[in-house]
Structure formats: C-alpha cells, structure tokens
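Notes follow the structure.
Proteins come first, then strands; the chains are lettered A, B, ... in the order of their sequence lines, and each starts at number 1.
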There are 2 protein chains.
Amino acid sequence: MTSLPGVLGDLDPTSDRAVFRQIADQLRDAIAHGRFREGEKLPSEAELVEHYGVSRMTVRHSFSLLQGEGLVHAEHGKGVFVRPRPPVRRLASDRFARRHREQGRSAFLVEADTAGSHPTVDRLEIREEKAGQDIATRLGSVRRVLARRRRYLLDGRPVEFATSYLPLDIARGTPIAEPNPGPGGIYARLEELGHRLDHFEEEIRARMPTPTETKTLQLAPGVPVIHLIRTAYDTGDRAVEVCDTVMAADAYVLSYQLPAT
Amino acid sequence: MTSLPGVLGDLDPTSDRAVFRQIADQLRDAIAHGRFREGEKLPSEAELVEHYGVSRMTVRHSFSLLQGEGLVHAEHGKGVFVRPRPPVRRLASDRFARRHREQGRSAFLVEADTAGSHPTVDRLEIREEKAGQDIATRLGSVRRVLARRRRYLLDGRPVEFATSYLPLDIARGTPIAEPNPGPGGIYARLEELGHRLDHFEEEIRARMPTPTETKTLQLAPGVPVIHLIRTAYDTGDRAVEVCDTVMAADAYVLSYQLPAT
DNA sequence: CAGTGGTCTAGACCACCTT
DNA sequence: AGGTGGTCTAGACCACTGT
C-alpha cells in the first residue's frame with residue numbers, strides 16, 4: 001500500500017472548515033491530480049481513520065460528500081473507488097433525419113452503431129391508456145393514447161427509459177401498436193399513414209433521479225438524469241407523438257444545430 | 001403542530017429496508033402527496049426522533065437522502081423545508097435569431113423579459129489568454145483567445161456562469177473586447193466585422209456541480225448543473241466563438257427545434 | 001477467516017435563529 | 001432562553017467480498 005502521508009495531507013485544526021470537508025477536499029484534490037486514477041480504490045475507511053485521527057463516521061461523511069458529487073462510488077465489502085467515466089452516447093440533432101428512416105434504421109440503433117457499442121431494448125410494454133394532463137396538452141387535448149414504453153441498454157447497462165404517446169385514433173390497429181413496428185421505427189410508420197413529419201420539438205431538463213428512476217437505470221449516487229420531452233409534428237402542424245425520455249446523464253451528450261437566422 | 005402519526009406512518013421492523021430509508025420513503029411520500037407543501041417546514045429532527053423512536057443520526061441520514069434528491073433543504077437554526085421549484089428560464093432554439101440581434105437585444109435579455117424577471121450581469125471579466133486543449137480544438141487550433149467571463153442573475157439569484165472564447169485575431173481591439181460590446185451583443189459585432197453567422201452548435205451535458213460551481217451559483221444540495229458548450233460558425237464555416245456555460249439545472253428548460261428532413 | 005463498507009446508537013458541544 | 005440544525009465521537013453489530 002502507498003503510504004498515506006505521501007498522498008494526503010494533514011488537517012488544519014485552526015480552520016473553520018469542518019473536518020469532514022477538509023478530508024473530502026484532500027481526496028477530491030488527490031483525484032483531480034491523478035494521484036488516484038479512474039477505477040482505483042481509495043484508502044479504506046479504517047486507514048483514513050488512522051491517518052487523520054478522526055472517528056469512522058467522520059470519514060464516512062467525507063465519502064458521502066464525494067459520492068454526492070458523483071466522484072466516487074462504494075462497493076460493499078470491497079472498497080470505495082474513483083468512479084470511471086462511462087463512454088457517452090452522442091445524440092446529434094440529425095438523428096431523426098428522414099434519410100435514416102429510409103434506410104430502415106431506428107434512431108437508437110443509428111447512434112449506437114456510431115459509438116461502436118452493443119445496443120439492446122428491454123421491458124417493452126404497449127398499452128392503451130388515458131394520458132396525463134401534460135401529455136394530453138402536448139398532443140392537442142388528446143386523452144386516449146397508445147403508450148409504448150421501453151428501456152434501452154448499451155453493452156448491458158441501462159441508459160435510457162422512454163415512453164412514446166400517440167393519439168389512439170392514429171395508432172390503434174396499425175404496426176405502431178405492435179412490439180416491432182418494422183424498419184425505420186414508428187416515425188416511418190407514421191409517414192406511411194399519411195402523417196408526413198415536419199419537425200420535432202425537444203424540451204430538456206436535468207434533475208436528480210427519483211428512487212424509481214435510480215432503480216430502473218441502475219444509477220450510481222451523484223448521477224443526475226436528463227429529462228427530454230420530444231413532440232413530433234406533421235406537416236399539418238398536428239402533434240402526432242410525444243416521447244418522454246429519462247436518460248442517465250453520465251451516458252449522454254446531446255448535440256444540436258441552431259440556425260443563426 | 002400537526003400530530004405526526006396522522007401524517008407519517010410507523011416503521012416496519014420486519015422489513016429488510018434500512019430504517020433511515022423507510023423514514024425517507026415516508027417523508028418523500030408525504031411530500032409527493034402534498035401533505036407537506038412547497039416551502040413548508042418538515043417535522044424537526046427531535047420530533048422525528050420522538051415519533052419513530054430512533055437516534056438522531058438516523059433521522060439526519062434520512063434528511064440527507066432527501067437533500068441529495070433535491071427534495072428538501074435545511075436551514076440552520078430554522079428547520080428542514082420542502083424545496084420550492086424556482087421559476088425556470090426557457091431557452092428557445094431561436095434565441096440567437098438575427099431578428100433579435102437587429103433589435104439590439106442580447107439573448108439573455110430577450111429571454112429574461114419573456115419570463116418577466118429582472119436580469120442582471122455580474123463578475124464581468126475580459127482578458128486575453130491561452131486557450132485550453134478543448135477550446136482550442138473547437139476554434140480550429142486557435143490558442144490565443146479573448147475570454148469574456150460573466151455571471152448572470154435572475155431576480156438576484158445567480159443562475160448561469162459563462163465564458164466566451166474568441167480568436168484574438170478577430171476580437172482584439174474591437175468592441176468585443178469592451179465590457180459593453182454594444183447593442184445586439186458580441187454576435188452583432190462579429191457580423192459587423194464581416195463574420196456573418198451561419199449556425200451554432202450546442203453540446204449539452206448534465207452532472208453534479210464542482211465545489212466551485214456550487215459556490216458561484218449558490219446551488220442547493222441535490223441540484224445538478226447543465227453544461228452547455230456552444231460554437232458559433234460563420235458562413236465560411238469558421239468557428240468564431242466558443243461559449244462555455246454552466247447553468248443551475250433547476251432554473252432552466254432548454255428547448256430545441258429539429259428538422260424532420 | 002480478515003477486511004471492507006452499511007446501519008445504528010447515545011451521547012456531546014457548537015452555531016444559528018426566533019422570542 | 002429554547003429550539004433548530006451542524007459536527008463529531010466511540011463504540012456496536014451486520015452483510016458482503018476476498019483468501
């Protein structure tokens with residue numbers, strides 16, 4: 001084991017800064033300077049208790065700070081580790097371009113291939129239901145909808161959970177209501193049904209996950225979610241789909257092109 | 001005071017779920033069901049210790065969970081409160097449209113007015129410096145840049161901290177290097193200098209704030225940041241500005257239009 | 001088995017806020 | 001002064017992981 005005094009400093013008893021913050025500061029600094037690398041194990045609680053001469057709860061408090069910042073994660077029985085940055089999926093603003101649909105490829109697969117990762121879809125659920133207030137409003141006061149839920153995984157790791165809502169009068173009895181809607185996905189089917197797509201609107205928020213989301217996306221502590229709500233409009237300016245997506249924020253970079261005009 | 005048993009349940013001693021999680025579950029549930037409203041005070045630690053018959057540290061642990069989720073915030077000497085959702089700034093994808101610049105209004109002011117809030121700019125700093133690797137790459141391997149830093153506040157609350165980087169050969173000695181670049185902001189000046197803007201590219205990430213960001217944006221625990229990097233391209237496809245922005249995630253909704261073609 | 005983190009207790013003293 | 005949260009201690013027992 002590396003001698004801790006070589007890597008970590010001492011406490012400043014005269015400082016106003018709480019001891020657990022000072023310890024967190026030193027660990028954070030050590031990580032930032034690469035003295036602990038990604039995936040590497042930090043000193044155990046017992047070692048830090050020894051090194052700083054504080055109680056175990058104080059050390060744990062420091063760790064919980066760093067965990068909240070998403071810097072480290074604990075593994076029961078093993079240790080506390082510097083959290084590695086997972087590979088990110090880059091979502092470009094042309095990901096719904098018609099040329100992709102015409103090639104028979106869904107947006108998720110287009111992106112995954114680019115990243116060279118292995119994509120999976122999971123927990124597919126299709127049902128007719130009554131839309132909530134927000135969804136109904138976005139769809140132009142439509143309440144009877146078809147909901148398509150599914151979870152996306154990348155190399156086995158869940159990264160995104162999405163629900164598409166479509167007006168029932170459009171989607172019922174069509175391939176859109178089938179588990180596999182066919183090449184090009186539901187957007188291709190919508191166009192075949194006469195709803196030529198004009199544009200999409202995406203709303204983006206970021207927040208901490210709910211406990212349910214933490215479970216569904218197997219999120220580590222300190223990882224926020226990106227909440228994206230997309231509305232698809234046809235050339236008649238009718239909203240034909242709303243897709244509500246929750247993404248593990250550490251797995252995504254969103255990219256958009258804005259006109260300057 | 002409301003009787004706690006009426007609002008909060010009992011613990012399940014047979015459950016595998018840790019006591020502090022059960023308590024957090026009950027409080028979370030009570031908040032979700034409106035039994036505690038936004039801004040309202042939760043029962044004090046002492047009251048919960050009494051109600052559940054657990055030690056104070058256990059109750060505090062529950063609170064720290066909820067704090068990490070961004071649901072509540074503590075005020076020293078006062079109590080723990082349900083965190084109110086602040087008004088959000090909606091950033092639309094036409095916010096850099098030329099028509100706004102031609103009206104002599106900066107993007108920040110355009111948005112703030114729409115929201116009916118009082119905007120302020122703060123901590124303006126302009127200096128020439130050597131760009132980091134990432135910024136330099138985005139600017140097409142330009143290293144000598146003008147950096148414009150500033151903080152934005154809305155009704156007195158800091159919501160955004162941004163740095164614009166411009167190639168020195170473009171910006172030096174121009175109004176862009178002045179504290180107040182004039183009507184329409186630096187984009188208007190860039191166009192006057194012959195760099196007609198063609199489009200912008202924005203990259204969006206979400207993550208937990210660094211301690212510095214927490215301080216600069218006065219972020220409550222459990223509030224992530226949105227990290228936005230915008231590159232402005234002129235009609236010659238040259239990158240003429242990179243703007244690196246960190247936003248308090250609870251204060252923003254980003255909105256984009258995507259073409260379906 | 002020993003080492004690790006996870007949970008919990010029962011205190012203590014402090015700093016801040018309201019009355 | 002009395003109530004509130006903030007920090008810290010010195011233990012205890014448990015559950016998981018490795019050898």
* What is the nucleic acid contact for R17(A), judged by heavy atoms within less than 4.0 Å: base, sugar-phosphate only, or nothing? -> nothing
* To do: Evaluate the criterion side chain to side chain contact (heavy atoms under 4.5 Å, CB included) for residue pair R138(A) and E203(A); output intermediate values, then yes/no.
  => CA-CA 12 Å; R138(A) 291 173 194 270; E203(A) 269 188 19; 3.2 Å; yes
Pick out the pairs of N or O atoms, protein on one side and nucleotides 10-12 of chain D on the other, that lie under 3.5 Å.
{"from": "dA12(D)", "atom 1": "N6", "to": "R56(A)", "atom 2": "NH1", "distance (Å)": "3.2"}

* For the atom pair CD1 (I31(A)) and CG (L42(A)), what is the distance rounded to the nearest 0.5 Å? -> 5.0 Å
* To do: Verify, without hydrogens or angle tests, whether R83(A) (side chain) and G70(A) (backbone) share a donor-acceptor contact under 3.5 angstrom.
  => yes
* To do: May I ask you to decide whether E125(A) forms a salt bridge with R123(A), counting only side-chain N to carboxylate O separations under 4.0 Å?
  => no
* How many Å lie between OH on Y52(B) and C1' on dC8(C), as a whole number? -> 17 Å
* F81(A) has an atom CZ; how far is it from atom C1' of dG18(D), in whole Å? -> 11 Å
* Phosphate oxygens OP1/OP2 of dT7(D): is one of them under 4.0 Å from a side-chain N or O of R21(A)? -> yes
* **Distance, rounded to the nearest Å, where L11(B) contributes CG and dC8(C) contributes C1'** => 13 Å
* **Atom pair distance, as rounded to whole Å: CD1 in I23(A) and C1' in dC8(D)** => 11 Å
* To do: Rounded off to whole Å, could you give me the CD-to-C1' distance for the E45(B) and dG2(D) pair?
  => 16 Å
* Between residues 58-78 of chain A and DNA chain D, which residues have a heavy-atom gap below 4.0 Å? -> T58(A), H76(A), G77(A), K78(A)
* Asked: So, the side chain of R150(B) versus the backbone of R148(B): is there a donor-acceptor pair under 3.5 Å, distance only?
  -> yes
* **H51(A) side chain to E47(A) backbone, donor-acceptor under 3.5 Å** => no
* Asked: Is there a donor-acceptor pair closer than 3.5 Å between any side-chain N or O of S62(B) and the backbone N or O of F20(B)?
  -> yes
* **Partner set under side chain to side chain donor-acceptor pair (under 3.5 Å) for Y52(B), not counting sequence neighbours** => Q26(B)
* Asked: Salt bridge between D25(A) and R21(A), side-chain N to carboxylate O under 4.0 Å?
  -> no
* What integer distance in Å separates F20(A):CZ from dC14(C):C1'? -> 14 Å
* Could you state the CG-C1' distance from L48(B) to dC8(C), rounded to the nearest angstrom? -> 16 Å
